Amino acid sequence: MKVIIAEKPSVARDIAKVFGATTKKDGYIEGKGFTFTWAFGHLLQLAAPQEYGYYGWSVQHLPMLPPKFKLSIRKVKTKDGVVDDPSVKKQLDTIQKLFDEASEIIVATDAGREGELIFRYIYYYLKCKKPFKRLWISSQTDEAIKEGFRNLKPGSDYDTLFNSAHCRSQSDWLVGMNATQALSLSSGIRGAVLSLGRVQTPTLAMICSRYLENKNFVPETFYQVSIHPDKDGQVFKAISAENYKTKEEAQAVLDQVQDVDGGFPQGGHILQVEAKPRKEPPPLLHDLSSLQQEANKRKGFTADQTLNILQNLYENKLVTYPRTGSRYIGDDVFAGVPALIEKLEQHPLFGKQATALGSATLNKRSVNAKKVTDHHAVLTTGENPHQLSADQQAVYDMVAGRMLEAFHQDCIKEVTKIVVQSGAKFNASGTVIHTAGWRSVFNDKEDDKKDEENATLPKVTQGENLPITAKALLEKQTKPRPLYNEATLLKALETAGKEIDDEELRYAMKDSGLGTPATRASIIETLIKRNYIIREKKNLVPTTTGIAVYEVVKNQQIAQAELTGNWEKRLEEIRSGASVTDFQNEIKTYTRAITSELLAQGKSLKIPAAQTTGVKA
DNA sequence: GCAAGGTC
């Protein structure tokens, strides 16, 4: 008998369905000579320090460098402390029984580094010796699954992938556990937990450095002049092309404006008119991060809330797999899109849009099989939702609405720029939407609209002279970059802090971002739990503890996003066959260095004991 | 008491 093991129940069900296996057992599905079982993500983790004999937190143990790592069952917190998760234990027993009976194992965990690790940790923990083959597919449609089974790979083809995954896991443990204990112990605060890690610390650093930049920003005053030219009763606003440092300069420009009150009936000379049509393509489909950002902007949901709501919708089969990092779908999935859109015709908000889209040519911007990684973009499933809570409905609508947008036509607008001469030069700009296209779905205002922009501009021609009915001197101040909120932080994590607005360019940097779609919400929650940051309205603001930790580590490698970038590069080399021990030795060297540095530097930490978490009474 | 990774 062959056993197929998937990363999660939903995938096992999808595969079993293709085989026509329908007998549901406890923890697996049976039929047609196969059994289909599953994990729930990582069932096993690297054992905690005490399991190597490092009892309690002690400087004498540092750095902790276990000669051989052990695996232990995933833990869960109960009132009696931290224990093996009973549901995980039970599933492992089931898997063990099935592996014992198996002639061959087919590995169907997600097609990626962590998916490989999830299986291998189980396989080695259970001391299984059975041969295994690898199913490698990036979409769960029937055809993709069948094709994948025709193309099963030898399990050993993925040994180097496992090596890179294993290195990632061990390195995070070594650096995180040691750095955390080193800083906590050297802080001198009894029971303090000052955690550090490859992902959480650069994230904290980003929040702190932006906060300090914002707080220390010295606004500069500058001046502008505005005029109101009048075209046959239609008045628009134009702003001086230059900003002025002093009020006097601006006043001089203002005085030279040839307005009606100053005795100039037609003192505004149209120097230039430029009207350009612009096509604005629809946004890509949602991945988890973009959905979390939108839900934060629209509804103020935290990243964690959005993930929980989505997981719930997923478990109720209303949306596809949520923890995806892809904003694309393959052609096979695209083939099913018209039917999904038709289903949305019942939707109270988008029904009309869905109907209209049903008879139009669909935009294929979000269709690109090469950009589908372990999972495709989030879609609705075609199941009809009922009895959703307001929050569930809101998130569901964001998924459904984005689908309609993504497959909609471009928005066609005309961007007009007018240059008016009246003493000095003045600019006016305005945007007129000709064909709303995808923008008709939500009918939102553009988020990047500047406050000086005119909604519509009158038709004027070059050489024309217009009366200027008003003029004013404007006093303005330069503004600092805003504090991070969850939406802007999530976006920044995708590109490891580099500011890239272009959607597609940002996408290309996916592999060098901080954290993964599945973990970013929990990174934010960890920083909050440690009392490093707090939510203040929508903003994420560091506490004195957070700032103090940042001050100690800000120049260290562990606070730089580049650390992840460097690791990823090395892990990728390992995947293509480079030495594992070289990397492991470098990590050990780094662990020793960071540990001793933190033991020395932690003494300079100044935090009131009450502001650290985990303080024992 | 501690990492980052996955998922019910």
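Chain naming here is simple, since letters A, B, ... match the order of the sequence lines and numbering starts at 1 in each. Every value quoted in this text rests on a predicted model; they were computed, and no experiment measured them.
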Please determine whether a side-chain nitrogen or oxygen atom of A:R168 lies at a distance below 4.0 Å from atom OP1 or OP2 of B:dA4. no
Heavy-atom nearest nucleotide on DNA chain B taken for A:S522 and for A:W57; more 5' hit belongs to A:W57
If you take atom types as modelled and just measure distance, does the side chain of A:Q181 reach the base of B:dC2 with a donor-acceptor pair under 3.5 Å?
yes
Check this one for me: any side-chain N or O of A:R198 less than 4.0 Å away from OP1 or OP2 of B:dC2? no
Between NE2 of A:H42 and P of B:dA3 the distance, given in whole Å, is 16 Å
When A:V88 and A:P49 are each assigned the nearest nucleotide of DNA chain B, the 5'-most assignment goes to A:P49
Can you see if the side chain of A:Q311 gets near the phosphate of B:dC8 - specifically, an N or O under 4.0 Å from OP1 or OP2?
yes
Have a look at A:L46 and say if it touches a base, only the backbone sugar-phosphate, or nothing, with a 4.0 Å heavy-atom cut-off. base
**Prompt:** Is the distance between the ring centroids of A:F119 and A:Y123 under 6.0 Å?
**Reply:** yes
When rounded to whole Å, the CG to P distance for the pair A:L310 and B:dC8 reads 13 Å
Between CD of A:E114 and P of B:dA4 the distance, given in whole Å, is 13 Å
Winner on side-chain proximity to A:I118, out of B:dA3, B:dC2, B:dG6, is B:dG6
Practice problem: Identify whether any heavy atom of A:Y314 sits under 4.0 Å from a base atom; if not, whether one sits that close to sugar-phosphate; answer base, sugar-phosphate or nothing. | Solution: sugar-phosphate
_Below the 4.0 Å mark, does B:dA3 have OP1 or OP2 next to a side-chain nitrogen or oxygen of A:Q45?_
no
Does A:T516 put a side-chain nitrogen or oxygen below 4.0 Å from OP1 or OP2 of B:dG5? no
- [ ] Salt-bridge test for A:D391 and A:K299: reply yes if a basic N is under 4.0 Å from a carboxylate O, no otherwise.
- [x] no
Does a nitrogen or oxygen in the side chain of A:R74 sit under 4.0 Å from OP1 or OP2 of B:dA4? no
Considering only heavy side-chain atoms of A:S195, the closest of B:dC8, B:dG6, B:dC2 is B:dC2
Under 30°, 30 to 60°, or over 60°: which ring-plane class applies to A:W136 and A:Y158, parallel, tilted or perpendicular?
parallel
Could you check whether A:Q50 gets within reach of a base, just the sugar-phosphate, or nothing at all, counting any heavy atom under 4.0 Å?
-> base
Is it true that A:R134 and A:D159 make a salt bridge, defined as a side-chain N closer than 4.0 Å to a carboxylate O? no
- Task: Could you label the plane-to-plane angle of the A:F162 and A:H166 rings as parallel, tilted or perpendicular, counting under 30° as parallel and over 60° as perpendicular?
- Result: parallel
task = Classify the nucleic acid contact of A:N178 as base, sugar-phosphate or nothing, counting any heavy atom under 4.0 Å across all strands shown.
result = nothing
Is any side-chain N of the basic residue among A:E525 and A:K529 closer than 4.0 Å to the acidic one's carboxylate O?
no
A:H375 has its side chain closest, among B:dT7, B:dC2, B:dG5, to B:dT7
A:A518 has its side chain closest, among B:dA4, B:dG6, B:dA3, to B:dG6
Of B:dC8, B:dC2, B:dG5, the nucleotide closest to the side chain of A:R530 is B:dC2
